[in-house]
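Throughout, protein chains are lettered first and strands after them, A, B, ... in sequence-line order, and every chain is numbered starting at 1.
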There are 2 protein chains.
Amino acid sequence: MAKKDSKILDKSTEEKIKSAARLLFQQKGFAATRTRDIAQESGINLALLNYYFRSKEKLFELIMMEALTGFFAVLKSVINDSNSSFEDKLDLLVETYITRLLVNEDIPMFILSEIRSNPKALLKVINAERLMIDSVFIHQLQKQIEAGVYKPIHPNHFLMNFMGLTVFPFVAKPMILHLGDGNETEFRKHLEERKRLIPIWIKALLNT
Amino acid sequence: MAKKDSKILDKSTEEKIKSAARLLFQQKGFAATRTRDIAQESGINLALLNYYFRSKEKLFELIMMEALTGFFAVLKSVINDSNSSFEDKLDLLVETYITRLLVNEDIPMFILSEIRSNPKALLKVINAERLMIDSVFIHQLQKQIEAGVYKPIHPNHFLMNFMGLTVFPFVAKPMILHLGDGNETEFRKHLEERKRLIPIWIKALLNT
DNA sequence: ACTATTTTTAATCATTTGATTAAATTAAAT
DNA sequence: ATTTAATTTAATCAAATGATTAAAAATAGT
């Protein structure tokens with residue numbers, strides 16, 4: 001069959017479309033992205049988008065699913081490991097997330113803004129209900145609190161603090177660059193610093 | 001002239017359109033909002049949107065401008081007051097912002113996601129370049145650091161921490177509700193608590 | 001009451017946009 | 001080499017969308 005071998009070529013075309021779609025969807029969102037822009041960006045004929053992915057919606061779902069998977073895979077693998085301490089997990093999560101987000105800065109805004117347009121559908125596919133709150137990570141935090149290592153705090157506050165300190169800089173990057181000083185390079189430098197600082201800060205919060 | 005007195009009625013129609021536009025633009029963003037949806041939501045004829053506001057773009061700019069003004073007016077009035085201390089400003093900013101955002105939860109996401117689509121244009125109209133970094137607020141922080149009250153920290157880190165702790169919960173609300181536990185009511189309760197907690201936490205960070 | 005002005009409406013336009021089709025091209029199989 | 005299947009292309013479609021227009025209705029001024 002022709003299909004089998006040409007799959008290598010198919011993949012190359014498919015991948016070109018996916019890359020362009022990823023770029024545009026993540027930058028401008030679903031509604032503001034035109035299929036023609038995806039075609040142009042990937043240098044393919046418009047019809048190939050539908051040939052390979054059936055529709056703009058299906059292509060979007062694919063891109064979003066991959067983004068979500070990537071984003072939550074890290075989380076899921078780390079937070080339920082019973083062999084590492086709470087503090088180890090904290091270090092690892094901050095380090096891993098900042099590293100990944102520095103490579104793909106648009107991911108958080110992409111996910112959050114599409115959740116805003118379509119909360120139910122997207123949150124369903126994420127399949128992460130109570131993921132954090134029922135995790136070993138949070139249980140370990142609660143043990144530490146019971147042991148008097150940290151002061152009491154509601155897990156939701158902890159979650160907001162952790163995510164706020166770690167991912168907010170990426171969500172608000174243009175505004176932060178505008179209100180503050182510094183440039184692209186400074187931004188990256190500060191985020192490298194935050195890998196070390198955020199765990200320290202979080203522990204300070206937990207002692208307050 | 002008819003115009004003068006009927007302005008009262010005009011305003012009512014104009015205001016109906018603006019309210020609907022505000023609701024939809026803030027919920028779905030510019031690109032995903034249809035003028036027909038605005039017309040339907042406000043119960044007016046589609047043509048009136050163009051009659052009063054010329055175009056979807058112009059209407060959007062108006063709504064966005066008002067959102068930005070509201071958002072930054074607070075900031076501007078607080079951060080350059082030389083009669084209050086750093087700590088007073090911190091308390092006031094957190095308190096004021098959380099109160100306002102609890103009334104209009106979509107504002108941060110609205111602003112941030114539109115900045116993402118159109119950074120230059122929007123950041124220009126905000127007219128807040130270096131607003132934070134050159135403020136009395138940040139200068140007072142630096143004085144306190146010099147005086148040994150707080151440990152050294154780069155102003156951009158402070159800015160990220162402050163905004164991350166305060167506004168991120170609103171940006172990520174659906175995800176936080178999903179990953180954590182609790183409902184709408186719990187969310188509001190936690191944000192009320194954060195009015196008190198965030199200033200304490202920030203000071204803890206500054207001592208670390 | 002009459003006129004002028006403003007506001008509202010229904011119908012329509014032009015463009016954009018996602019998608020499809022039929023033909024052409026390329027690659028694979030025999 | 002010929003046939004078959006897969007891929008690509010140019011042209012086109014139908015629906016959606018922002019905007020306009022001309023007429024009708026409402027309001028204000030005299």
Side-chain angles (χ1 to χ4, degrees), chain A residues 1-65 110 113-114 117-118 121, chain B residues 1-65 114 117-118 121:
Chain A
M1 253 214 285
K3 197 176 182 180
K4 206 165 191 176
D5 287 335
S6 68
K7 271 277 163 124
I8 299 142
L9 283 179
D10 293 357
K11 232 179 192 173
S12 154
T13 303
E14 262 188 60
E15 209 45 61
K16 271 193 251 173
I17 299 174
K18 276 177 65 178
S19 300
R22 193 155 34 229
L23 184 76
L24 292 172
F25 281 144
Q26 290 185 4
Q27 220 165 65
K28 306 156 70 73
F30 175 78
T33 299
R34 306 286 101 115
T35 52
R36 279 167 178 80
D37 295 338
I38 297 176
Q40 182 165 23
E41 177 71 29
S42 49
I44 55 103
N45 186 287
L46 174 60
L48 290 178
L49 190 152
N50 297 88
Y51 179 76
Y52 283 104
F53 301 96
R54 294 198 59 79
S55 70
K56 182 189 173 188
E57 266 85 5
K58 287 263 185 298
L59 175 56
F60 175 80
E61 282 167 24
L62 190 73
I63 299 295
M64 175 54 82
M65 205 57 100
F110 175 56
S113 73
E114 299 298 340
S117 329
N118 199 356
Chain B
M1 252 212 286
K3 197 176 183 181
K4 206 164 191 179
D5 287 335
S6 67
K7 272 275 163 122
I8 298 143
L9 283 179
D10 293 359
K11 233 178 192 173
S12 154
T13 302
E14 263 189 57
E15 207 46 60
K16 272 193 251 173
I17 299 174
K18 276 177 64 178
S19 300
R22 192 155 33 231
L23 185 77
L24 291 172
F25 281 144
Q26 290 186 3
Q27 220 164 64
K28 306 156 70 75
F30 175 79
T33 298
R34 305 288 101 115
T35 53
R36 280 166 176 79
D37 296 337
I38 297 177
Q40 182 165 23
E41 176 71 30
S42 50
I44 55 104
N45 186 287
L46 174 60
L48 290 178
L49 189 152
N50 297 87
Y51 179 76
Y52 283 105
F53 301 96
R54 296 198 59 78
S55 70
K56 183 189 174 189
E57 267 85 5
K58 287 263 185 298
L59 175 56
F60 176 80
E61 283 167 24
L62 190 72
I63 300 293
M64 174 56 82
M65 203 57 97
E114 298 298 340
S117 331
N118 198 356

By the salt bridge (Lys or Arg N to Asp or Glu O under 4.0 Å) test, which pairs, at least two apart or in different chains, include something from residues 17-27 of chain B?
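Output for this query lists B:Glu15-B:Arg22, B:Lys18-B:Glu66, B:Arg22-B:Glu66.
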
For the [atom1] atom of [X] and the [atom2] atom of [Y], what is their distance to the nearest 0.5 Å?
{"X": "A:Glu61", "Y": "A:Phe53", "atom1": "CD", "atom2": "CZ", "answer": "12.5 Å"}
{"X": "A:Ser12", "Y": "A:Ile17", "atom1": "OG", "atom2": "CD1", "answer": "9.5 Å"}
{"X": "B:Glu114", "Y": "B:Phe60", "atom1": "CD", "atom2": "CZ", "answer": "3.5 Å"}

For DNA chain C, which residues of residues 37-44 of chain A approach it to below 4.0 angstrom with any heavy atom?
none

B/S/- contact track for nucleotides 13-24 of chain C, protein heavy atom under 4.0 Å:
----BBBBB---

Counting only pairs under 3.5 Å, give me each side-chain donor-acceptor contact of residues 26-36 of chain B, with atom names and distances, residues two or more places apart or in other chains.
residue, atom, partner, partner atom, Å
B:Thr33, OG1, B:Leu24, O, 3.3
B:Thr33, OG1, B:Gly29, O, 2.6
B:Arg34, NH2, B:Ala31, O, 2.4

Can you tell me how far P of C:dT9 sits from CD1 of B:Ile17, to the nearest Å?
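To the nearest whole Å, that distance equals 10 Å.
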
In the structure shown, which nucleotide is the Watson-Crick or G-U wobble counterpart of C:dC2, with both distances under 3.5 Å?
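D:dG29 is the nucleotide pairing with C:dC2.
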
Using residues 37-49 of chain B as the side-chain source, report each donor-acceptor pair under 3.5 Å to any protein atom, sequence neighbours left out, with the distance given to one decimal.
residue, atom, partner, partner atom, Å
B:Ser42, OG, B:Ile38, O, 2.6
B:Ser42, OG, B:Ala39, O, 3.3
B:Asn45, OD1, B:Ala47, N, 2.9

Where do B:Tyr52 and B:Lys58 land on the side chain to side chain contact (heavy atoms under 4.5 Å, CB included) test, with the steps shown first?
CA-CA 10 Å; B:Tyr52 283 105; B:Lys58 287 263 185 298; over 6 Å; no

